[in-house]
There are 2 protein chains.
Amino acid sequence: MASIKDVAAEAGVSVATVSRVLNDHPSVSAEARARVLAAVEALGYRPNAVARSLRTDQTHTLGLVISDVLNPYFTELARSVEEEARALGYSVIIGNADERPDLQDHHVRNLLDRRIDGLLVSPTDGGSPLMLDAARAGTPMVFVDRWIPGVDVPVVRSDGRAAVRDLVAHLHGLGHRRVAIIAGPAATTTGRERVDAFRDALAAFGLELPDVYIGQGDFQAESGRRVTEGFLDLAEPPEAVFAADNLMALGALDAVRARGLRVPDDIALAAFDDIPWFVHTDPPVTAIAQPTGELGRAAVRALVDRIEGRPGESVTLPARLVVRRSCGENPTQVQRSTT
Amino acid sequence: MASIKDVAAEAGVSVATVSRVLNDHPSVSAEARARVLAAVEALGYRPNAVARSLRTDQTHTLGLVISDVLNPYFTELARSVEEEARALGYSVIIGNADERPDLQDHHVRNLLDRRIDGLLVSPTDGGSPLMLDAARAGTPMVFVDRWIPGVDVPVVRSDGRAAVRDLVAHLHGLGHRRVAIIAGPAATTTGRERVDAFRDALAAFGLELPDVYIGQGDFQAESGRRVTEGFLDLAEPPEAVFAADNLMALGALDAVRARGLRVPDDIALAAFDDIPWFVHTDPPVTAIAQPTGELGRAAVRALVDRIEGRPGESVTLPARLVVRRSCGENPTQVQRSTT
DNA sequence: CCCGTCGATGTAATCGATTCCACGGAGTCC
DNA sequence: GGACTCCGTGGAATCGATTACATCGACGGG
C-alpha cells in the first residue's frame, strides 16, 4: 500500500508538502498542490489512519458499549449514535456486553487500548473499577440510558416515572389489582428505577408490590420466561405483569403461550421500551416508549462537547405510554396508539 | 497516559526489555520480568494499540459491513461474528450500510483506512469499485449472506432453494394459486435469488409469477408496506405474499392491518428470515430460517484463514421452512414449529 | 587458559504520518 | 539598495511500539 513517501517521490516534493496538501494547509503553491493531487490519484493513495492517530493522538473515533445487541432498543440507539457521530466527523466502534460485566470490561479495555477519543457506555453493572478509573483519568465519557451514580460523567437518559404512573393508572382503570414486575438487574440504574417508579405509582393507588411479585430478570428474554413461569406457579398469580424491557416481555409472551394461556384474558402484560413488533404481536403490547433516537444523538453531542473541550451536559427526556391491547380492552381509555 | 518508556524508566530497564516481557519473548531474566511487571502494575500501563499496529502492520481487527442494523437477522449475524472473532483473538468494527451503497462505501473506506486485517461484507449492491479494488489489491475479504459474482472471494451464505420449494408446496397445499413476492433489490444476490427460487418452485406446480406480482422492495420495512399496498390495490390481489426478508414482512403486516384486513384470512403471508418475534405476531408468521449464528462463525473462520495465510473456503448451509399460521390452517401439515 | 556459544540486555532503526524550524527567494518599504 | 517580511518548501524530530543487531558476561570444552 502506497505511503506518503511514495506520493512525495511521485510528485517530486517532500513528504511535508504532501501532508500539507492533504490537510489543506494554506501555504502550498497551486502547482505543488496539483502535482500532489495527481500523484495521490495515480497511486490510489489513502492516508494511514493508524499512523495519523499515533502522531496526532486523536482517533476521531467514539466507543459505544451497549448492554445487548439483540435488544432492538439498543440497536436503534446504536444506529442513531453512529449517524450523529458521522455527521460530526467521528466513527463509532460498538462493543456488545451481552449484559455481562466481564464482557463489558473486555470491550472497555479494548476501546481504551485503541485510544478512542471518547466513550459512550450503558453500564451493565454498578461500575467496574476499570471504567471508574478511566473516568477519573479524564477519558471523555458519557453514560447513556443507564448510569453509575457518584461519577462525574454526564448522563443522557429518559425519565419513565410519569409514563409508569400513566401505565399504573391504565392498569388500575382496567381493574387490575394484583400486579407484578419483571425487574432488571439491581446493579443497573434502570433495573432499580423502574421497580421504584412502579412501586411508587402503585402506592399512589393504594396498591402494594409484594416481594413475590418482583421477579428478578436480567433484561434478556430467557429471564422473562423464567420469571413469568414463577408468577404463573404462584397460588395467587398476578393479574398483570410489567416487564422492565422488551426482551423480557418477549420471554413472558413465550411463557404464557407455553401454558396455553392468553394475554390479556388470563394475564395482562406491559413492557418498558416500545419496538415496531409490538404493534403486531398477539395481542399488540402496551409499552413505554423512549425517544431512543434523540437519546443517541444527545449522547453523542454531549460526548463530542467533552472531547472538544466544551462542558457536555446531562440530558433527561420524558418517556411516554403507548396503550395497545395487552392489558385489556377499555373503550373509554383516552390515550391510544394510532399506529 | 504512561508509555513503554515510562515503564522502562520505572523498572530500570530498556524499552526493548519491557517489550520483550509484554510479548513474552523467552530471553528475559526472571528478575527483569518481575521488575517490569511491577512497573506495569504501578503505572497502570496499557500498551498503545495504535503504535503497535503501526509497527507490526497488524490491527487484529476485522471489519464487518452489514446492510442494516435494524434488521434482527443482521444483528444476530453481527453478534455471532463478534463472538467467533473474539475467540480467535480479533476485534470487530461494524459498519452499517443501511441498504445504501454510498454508506457502504463510506464504511469500507473507513475500515480500509484503519488498516483492518480483513473485511466481512454483505454487499448492498452489485459491487462498488472500491470493494472490487480492495479485493483485487489483496485485502483479505469474505462475503457473507450476499455476494458479488465474478470476484475471487469466499462466500458464506445459506441456500434457501429447498426451503422455498417447501414453502411453495405449503402454499399450494393450502389452496393458494395467486401468489406474489416482495423482492429485495435486484442489485443484491439475495434479492435476485429469492425471486428466482420462488418462480422456479411455482413453475414446478404449474403456477406463474406474473410481473405485477413481483413488487420491488429494498429489504426495509417501509418498502414492504408500500409494495403490499400496491398488491392490495390490484383488481385481482394475490392470495399469498412472500416477503424476501423479515422487515418487509413487518411492513406488509402494517399495510394489511391499516386496511382492516386479516392475515391469513384475507391474505396469506410468509417471510424469508425467521426471528423470535414471528412466534408472537398476530398471526405467527411462517418463515424460512437461516442458520444465522453458524453463518457468522463460518464467515469469521474463513476470513481468519485467509488473513493467516490458509485457503479460506466458501460455505453454503441450508435454510429451512418453519411453518406457523400466517398462510392459513392446515391440520394435516407435517412440518410444524414447536416454539 | 583461551575461545566459542549462548543468554540477557541495550541501542537504534523503523512503521507513516504531522509539524517545528530553518532557509532561500521574492516582494516591500524607507 | 539594503533590511525586513512573507511565502513556499524541505529536513528532521516525534508519536509508542517492535525488533535486528551489537555487546557483554558467564560458562563449558579442548
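By convention in this document, chain letters (A, B, ...) are assigned in the order of the sequence lines, proteins followed by strands, and residues within each chain are numbered from 1.
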List in numerical order all residues of residues 17-29 of chain B for which some heavy atom is under 4.0 Å away from an atom belonging to DNA chain C.
B:T17, B:R20, B:S27, B:V28, B:S29
Do the charged groups of A:R52 and B:D113 touch, with an N to O distance under 4.0 Å?
no
Pairing of A:R301 and A:E294 as salt bridge, 4.0 angstrom limit:
yes
Should we count CD of A:E313 as having more than 12 external heavy atoms under 6.0 Å?
no
Please list, one pair per line, the donor and acceptor atoms closer than 3.5 Å that link side chains of residues 3-13 of chain B to other protein atoms, with sequence neighbours excluded.
residue, atom, partner, partner atom, Å
B:S3, OG, B:K5, N, 3.1
B:D6, OD2, B:S3, N, 2.7

Check whether any side-chain heavy atom of A:R146 sits under 4.5 Å from a side-chain heavy atom of A:F219, and report yes or no.
yes
For DNA chain D, the residues among residues 38-58 of chain A that have a non-hydrogen atom under 4.0 Å from it:
A:L54, A:R55
Residues passing the side chain to side chain contact (heavy atoms under 4.5 Å, CB included) test with B:D218, sequence neighbours excluded, are B:P185, B:Q220, B:S223
Indicate yes or no: does A:R79 engage B:D98 in a salt bridge with an N to O separation below 4.0 Å.
yes
Is there a donor-acceptor pair closer than 3.5 Å between any side-chain N or O of B:T139 and the backbone N or O of B:A135?
no
For a quick test of reading the model, state the closest non-hydrogen atom pair linking A:R115 to B:P47 and the distance between them.
NH1-O, 3.8 Å
If you measure from the Lys or Arg side-chain nitrogens to the Asp or Glu carboxylate oxygens, is any gap between B:D145 and B:R157 under 4.0 Å?
no
Short N-O contact, B:R100 and B:D102, less than 4.0 angstrom
yes
Within the side chain of B:T61, is there an N or O that forms a donor-acceptor pair under 3.5 Å with the backbone of B:T59?
yes
Terminal axis angle for the helix from C:dC1-D:dG30 to C:dC30-D:dG1, five pairs an end, nearest 10 degrees:
50°
Using chain A heavy atoms and a threshold of under 4.0 Å, write down where along DNA chain D the contacts begin and end, 5' to 3'.
D:dG8 to D:dG16
